[in-house]
Amino acid sequence: MNTIRIWFTKEGDASYISLLDLQRAMGRCLKRSGLPVWYTQGFNPHIYMTFTCPLSLGQESLVESVDVKTEEESPDFEEWKNRLNPVMPGGIRVTKVAPVVHKGEEVAFARYTIWTRQPGGEEAVRAYNQAQQLLVEKKTKRAVKTIDLKEILPRVEAHLEGDKCTFEAVLPAGKDLNVNPTLLLDSWQEAYGFPARNWNILRTQLYTGKMEIFC
Amino acid sequence: MLDPKLKQALAMVQKPGRYTGGEPGCVYKDKEKVDLRFAFCFPDTYEVGMSFLGEKILYELINAHPNWWMERAFMPWLDMKEQMEQLGIPLYTLESKDPLTSFDIVGFTLQYEMSFTNILAMLDLAGIPFYAKDRGEEWPLIIAGGPCVCNGEPVAPFFDVMQLGEGEDQLQSLCAQVEQAKKEGISKEELLLRLAKIPGVYVPAFYDVEYEEDGRIHAITPNHPGVPAVVTKAILKDMNAYKPPVNFVVPLIGAIHDRAQVEVLRGCVRGCRFCQAGFIYRPMRQRDAEGLDQAARDLCANTGYEEVSLTSLSTSDHSQLEELLDRMNTWVEKEHVNIALPSLRVDNFSESLIEKTTKVRKSGLTFAPEAGTQRLRDVINKNVTWEEIERTCTIAFKAGYTSVKLYFMMGLPTETMEDIEGIADTAHRIVDLFYAIKDKPKGKGSVQVTISCACFVPKPHTPFQFCPQDTMEMLEEKQAHLRAAVRSRKVKVNCHFSDISFLEAVVAKGNRRLAPVMVEAYRNGCFFDGWDECFHYDTWLEAFKKCGIDPAFYAYRTIGLDEITPWSHMDYGVTHEFLVREYQKALQAVTTRPCNKACSGCGANQLLGGPCFEYNQNLVH
Ligand code: SF4
């Protein structure tokens with residue numbers, strides 16, 4: 001039995017598919033592709049699928065992945081990719097099918113490109129960079145704890161291009177600490193008044209705890 | 001790339017996936033290169049609309065023409081409607097995200113009366129004037145199809161064209177005419193005159209309605225030469241000539257019925273006197289098992305669905321159902337597909353049938369006796385007897401079923417308190433039956449019987465169109481009586497009716513005078529009327545008052561057998577004489593045999609140009 005990782009983008013229309021819906025949709029896409037994916041055994045067999053570090057609704061990504069199993073001895077990865085792409089929903093493009101290197105739980109950080117065309121974005125970035133501290137409350141399973149975002153992300157670099165203001169951020173995305181970019185942007189909304197929903201969020205890379213590229 | 005305004009709106013609403021499109025199976029074309037753009041509008045939520053088979057049929061048919069493009073629009077839920085209004089986003093289709101005003105044709109499907117105000121809401125969101133008379137050449141052609149067109153008079157003034165009957169051929173003819181008209185550059189009036197010649201096409205503006213002083217209709221007359229006095233519905237003579245759709249748009253966020261559906265037959269042989277669908281889709285026509293099996297298989301392969309349902313008004317009346325199931329059972333397991341059989345009937349539920357479906361799935365049993373006593377079942381021509389219920393439940397209980405859901409109606413013509421007690425009685429007898437069976441599978445020791453009651457709404461084109469609806473007070477009294485009559489803890493009663501069914505009755509039998517009431521109600525916040533939480537009865541009553549219309553006139557009045565009804569210029573194949581005959585038989589509790597056993601001469605065979613069935617062959621199993 002081989003476990004293989006299907007890498008895909010999740011952009012545009014597809015950024016509004018929740019994890020639960022994505023699981024069902026991906027199952028149907030795999031079924032339509034006719035690829036020899038492995039079904040769980042038992043009374044109600046279904047396709048084995050594990051998603052890595054799922055995104056929040058409305059965010060986009062170039063580096064989503066789902067692990068499936070197959071009894072094929074040496075799967076032709078290029079063939080898998082070519083059969084999957086035509087059956088995917090709009091906004092989902094399979095970029096790579098590959099053997100699993102890291103375990104899903106090894107993900108520790110994620111890189112995001114965050115941008116807006118609404119006036120005021122640059123000022124919000126500047127205000128953040130000048131701040132000494134930005135405390136936010138973060139709900140975990142057991143309790144609410146306060147963290148200082150400035151400790152995690154001391155400053156960000158704004159790039160301006162026409163009316164577009166862009167910055168990059170690497171944030172914890174592991175099982176011990178996970179800082180969703182919306183946590184950052186919501187806190188900016190509260191502190192500097194720039195509406196969080198005006199930002200666009202694109203995930204561009206995942207890293208392990210040793211800052212190796214997750215693959 | 002999503003429009004920034006749309007992105008802002010989507011960030012603020014529940015289930016944004018309702019508004020994005022991009023589902024597998026969705027059709028994209030180059031809008032610069034197509035000759036005709038069609039926006040198919042479903043006046044309810046995405047999840048409701050995406051369950052609807054009719055849209056899938058037409059989506060595949062129209063999009064099969066390379067130079068026509070059909071796209072989809074749905075009614076946005078309250079939160080999205082508000083965002084769209086605030087941000088100035090006009091109602092758009094999910095595929096191109098273009099506003100409805102960029103289309104040649106905007107078509108609505110009329111599935112139930114309580115969605116009519118959503119049509120106004122959708123037109124309003126698109127910035128399109130409500131009344132056909134207020135729309136000049138520059139506006140898209142606004143059309144309607146679907147079952148409620150059979151009395152679409154309350155909304156007729158809003159539409160340029162309404163389509164009676166089955167859309168497969170008709171809609172393609174209509175699109176071809178519109179494409180031609182665009183090329184020739186003819187006026188809308190000229191186009192409408194051409195369209196009126198297509199079978200089943202009704203142009204409301206070409207008919208004048210005159211009223212009596214008391215509100216009844218005096219006459220309905222065409223006001224243009226060459227326009228038929230009576231419009232006869234369009235029909236497919238041979239279902240096998242039309243393959244069911246083998247591609248569906250597969251919703252990403254789910255739908256009410258999120259599964260593959262194959263339409264095995266159209267129409268119904270039963271002739272239940274309350275059922276509008278049973279009359280307006282006559283005669284019953286079925287598809288052959290072989291083609292259905294292939295279609296089901298293709299559809300499952302193309303969509304990836306894990307369940308396929310064999311849909312129709314009455315699937316167990318298909319004469320080759322067992323053969324079909326046998327064929328399907330050769331591949332479903334391997335392909336990881338379940339078969340679902342909705343609308344199973346009590347009276348021809350056989351052991352082998354139960355086996356063929358439970359092999360893949362076992363769920364609760366549902367039956368619709370509709371009335372609690374044999375007398376009342378005879379009145380409504382629901383040919384179900386206690387012996388049949390008993391036989392079916394016995395089979396099912398022995399096979400391991402432990403829950404039974406029974407559907408009934410309240411407020412049926414001639415109903416008395418004795419009939420209400422009969423509902424409770426039927427449930428009690430099923431409970432007793434369960435405990436009397438000794439050889440049940442182990443671990444299946446307890447039974448649950450659920451009584452589900454809806455309120456009867458008299459509908460046009462049925463023998464009960466003449467009957468008044470029960471008043472709310474009468475219905476409440478009956479409901480209290482039923483609850484008092486239930487003695488067993490194994491029996492649960494669900495009665496869900498409210499003022500909505502009164503309004504439904506008013507609109508169902510309404511005329512054009514209701515159009516301004518609809519506009520008034522919509523302007524004051526009435527839409528999504530079919531959703532309990534959105535229904536504002538008082539606002540509706542005020543709208544009626546303001547327009548000087550008495551709703552009781554439509555719901556609570558007996559219609560004379562010789563009266564001209566608002567729908568008398570719409571011919572669904574069933575003659576007026578037949579409806580009168582059936583009504584009179586109903587009052588005497590005399591039943592009528594199903595069409596596949598004997599023809600009772602309703603007139604619908606005229607649509608086919610020959611008899612509906614070959615009676616030498618026994619089609620009933
Ligand atoms: S003509 Fe006869 S068989 Fe045909 S639908 Fe009418 S009653 Fe049924």
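The sequence lines fix the lettering, A, B, ..., with proteins before strands; numbering per chain opens at 1.
The environment of A:Lys164 atom NZ is dense: over 12 non-hydrogen atoms of other residues, nucleotides or ligands sit within 6.0 angstrom. The number of heavy-atom neighbours closer than 6.0 Å to NZ of B:Lys97, taken from other residues, nucleotides and ligands shown, is above 12. Summarising the local packing, CZ of A:Arg93 is surrounded by 12 or fewer heavy atoms from other residues, nucleotides or ligands at distances under 6.0 Å.
Shown are B:Leu252, B:Val250, B:Asp258; of these, the side chain to side chain contact (heavy atoms under 4.5 Å, CB included) with A:Arg24 is made only by B:Asp258.
The two residues A:Lys31 and B:Glu306 come nearest to each other via the heavy atoms NZ-CA, 4.0 Å.
Legend: residues meeting side-chain hydrogen bond (donor to acceptor under 3.5 Å, both in side chains) with A:Gln118, ordered by chain and number and at least two apart, are absent. Taking A:Glu123 as the reference, nothing meets the side-chain hydrogen bond (donor to acceptor under 3.5 Å, both in side chains) condition, with sequence neighbours excluded.
Residues B:Lys7 and A:Arg197 fail the side-chain proximity criterion, which asks for heavy atoms closer than 4.5 Å. Looking at A:Arg32 and B:Tyr305, their side chains never come closer than 4.5 Å, going by heavy atoms from C-beta outward.
Heavy-atom proximity under 4.5 angstrom to chain A picks out nothing from residues 59-73 of chain B. The interface of residues 10-28 of chain B with chain A, defined by heavy-atom distances below 4.5 Å, comprises B:Leu10, B:Ala11, B:Met12, B:Pro16, B:Gly17, B:Thr20, B:Gly21, B:Gly22, B:Pro24, B:Tyr28.
Within the 4.5 angstrom heavy-atom criterion, no atom of A:Leu20 approaches chain B.
Ranked by non-hydrogen atom pairs under 4.5 Å with chain B, the options A:Gly91, A:Ser18, A:Ser33, A:Gly90 are led by A:Gly90.
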